Amino acid sequence: LLLLDRGDEVINLLICTEASYEQLSGNKTLPSVEKWLILKEENSKLCKSAANIYFCSRYDSARDLLRISEALLADNFQALKFDKENPEMALVTSGEAFVIGVASPIGRCGKTSLAYMLSEFASEKYRALFLCLDSGNVIFQSEEKGLSDLIYEMESREHLREKDKRIKYDQYIRKQGRIDYIPALSSYSDIFAVKPHIIKALIHDVGTLYDLIIIDVGSFLSSDDKFFGLCDDYLVPGTDDLLSKDKLACWMKVMEKNCPAVFPDKIQLVKTRPFSDSDSQKSYFESLRFSLFGKDIRELWERYDKLLMERG
């Protein structure tokens with residue numbers, strides 16, 4: 001596949017299989033090739049074996065291959081992370097998504113609405129994935145495969161060889177409007193199966209497909225320092241009533257004790273304005289977007305938009 005042909009003399013990037021490479025590299029009628037991207041049969045991270053030859057798995061997603069190809073074409077190696085522990089192989093992977101966690105010890109303070117609206121605004125410009133770790137979220141539940149099934153599959157594959165651990169995430173990811181999401185936990189008891197190492201592996205695996213992953217951590221897992229460590233930023237919504245303020249103050253002390261190295265750098269308190277629920281899911285989200293609550297989240301998102309642009 002010729003992604004870009006500069007005149008008749010130079011091919012900027014040529015993508016082919018290993019078998020094709022053996023034939024094409026010895027073809028004297030082929031124009032000069034600046035970079036090769038060779039698709040290997042076995043699962044493989046993107047790696048660099050010579051000055052202009054890169055290998056990756058032919059089973060990588062099309063979006064991931066496109067992202068890698070764009071970075072190679074533009075010589076944008078900041079978008080590719082080199083493995084410093086193995087310089088002779090120079091393993092590289094696409095840049096991972098920016099992860100925002102939304103959590104609070106306060107119930108009914110707008111955690112899910114905040115996370116959803118951030119995903120909604122982000123998806124206007126970026127590839128965003130919404131992930132809800134809380135239980136009892138009927139809005140994002142589904143009769144199809146969801147987070148409960150995904151966690152079970154990931155745990156059942158942990159003992160397998162590396163090449164057999166690969167999971168087809170597209171069978172779990174659904175779409176609502178522009179937003180990609182994984183259906184929420186199917187039962188309350190499943191919340192005890194949500195382990196940090198599982199979510200970390202999930203973020204790692206799909207992080208190359210998205211610019212932004214927004215996680216509704218919920219209340220139950222909000223004080224777990226390991227979940228806190230998975231996020232680049234932690235948004236904590238709250239209300240003005242006295243009980244909520246006391247709960248939040250106690251929670252902040254716990255987090256400061258558990259995560260002294262990154263507290264309070266990661267935490268951003270978000271004051272949420274009250275918003276009444278609607279009987280209809282569609283009208284709820286439509287109303288939320290144009291409410292004062294939605295306006296506040298839009299302003300919050302604009303700050304993140306600038307941050308993501310600065311990160312490139």
Side-chain angles (χ1 to χ4, degrees), residues 1-98 123 125-129 153 157 160-173 175 178 180 201-213 308-309 311-312:
L1 173 65
L2 309 184
L3 283 188
L4 185 62
D5 189 351
R6 197 165 58 200
D8 296 325
E9 298 179 357
V10 177
I11 297 173
N12 297 83
L13 180 66
L14 180 56
I15 303 177
C16 63
T17 63
E18 286 183 283
S20 299
Y21 173 72
E22 294 177 3
Q23 298 172 0
L24 292 171
S25 59
N27 188 336
K28 296 182 179 180
T29 63
L30 190 72
S32 174
V33 178
E34 286 188 345
K35 297 186 184 76
W36 296 82
L37 181 57
I38 301 171
L39 309 182
K40 302 184 72 172
E41 285 294 329
E42 68 270 17
N43 288 335
S44 169
K45 288 183 179 179
L46 178 65
C47 64
K48 181 179 179 182
S49 66
N52 66 334
I53 301 176
Y54 298 81
F55 290 91
C56 68
S57 170
R58 66 176 296 179
Y59 302 107
D60 282 348
S61 71
R63 277 196 293 184
D64 204 17
L65 287 174
L66 180 60
R67 190 171 187 174
I68 292 169
S69 301
E70 288 174 342
L72 292 176
L73 277 170
D75 289 326
N76 181 15
F77 294 101
Q78 291 182 344
L80 303 171
K81 293 185 178 179
F82 285 77
D83 187 348
K84 295 178 181 178
E85 296 179 2
N86 194 2
E88 66 276 7
M89 282 297 293
L91 293 175
V92 292
T93 57
S94 304
E96 292 186 354
F98 188 84
S123 63
K125 184 176 180 181
Y126 300 93
R127 296 169 295 181
L129 176 69
E153 182 177 356
R157 287 172 179 257
L160 300 177
R161 293 175 300 171
E162 194 64 36
K163 69 175 185 177
D164 296 323
K165 288 183 179 181
R166 196 172 184 85
I167 292 174
K168 295 181 179 179
Y169 287 99
D170 56 354
Q171 64 182 317
Y172 296 101
I173 296 174
K175 210 163 189 66
R178 290 185 295 264
D180 283 4
L202 170 60
I203 291 172
H204 177 270
D205 289 349
V206 303
T208 56
L209 305 179
Y210 295 96
D211 305 303
L212 200 68
I213 298 176
L308 290 171
M309 290 177 68
R311 290 178 82 233

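Computed from a predicted structure; not experimentally measured.
Rounded to the nearest 0.5 angstrom, Met309 CE and Lys125 NZ are separated by 4.0 Å. Within the model, atoms CG of Leu212 and OH of Tyr126 stand 9.0 Å from one another, a figure rounded to the nearest 0.5 Å. In this structure, Ile15 CD1 and Lys35 NZ are separated by 12.0 Å, a value rounded to the nearest 0.5 Å. Distance CD1/Ile38 to CD/Glu22: 9.0 Å, rounded to 0.5 Å.
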Apply side-chain contact (heavy atoms from CB on, under 4.5 Å) to the pair Asp205 and Ile167, showing each step before the final yes or no. CA-CA 9 Å; Asp205 289 349; Ile167 292 174; 5.6 Å; no
Verdict with reasoning, Trp36 to Asn52, per side-chain contact (heavy atoms from CB on, under 4.5 Å): CA-CA 6 Å; Trp36 296 82; Asn52 66 334; 3.9 Å; yes
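The closest side-chain heavy-atom distance from Leu24 to Leu14 is below 4.5 Å. No side-chain heavy atom of Leu209 sits less than 4.5 Å from a side-chain heavy atom of Leu129.
Here the shortest heavy-atom pairing between Gly207 and Ile213 reads CA-CD1, 4.3 Å. Closest of all the heavy-atom pairs between Ala128 and Ser123 is CB-N, 4.3 Å. The two residues Ile173 and Tyr210 make their nearest non-hydrogen contact at CD1-OH, 3.6 Å.
For Lys175, the NZ atom is densely surrounded, since the number of other residues' heavy atoms within 6.0 Å is greater than 12.
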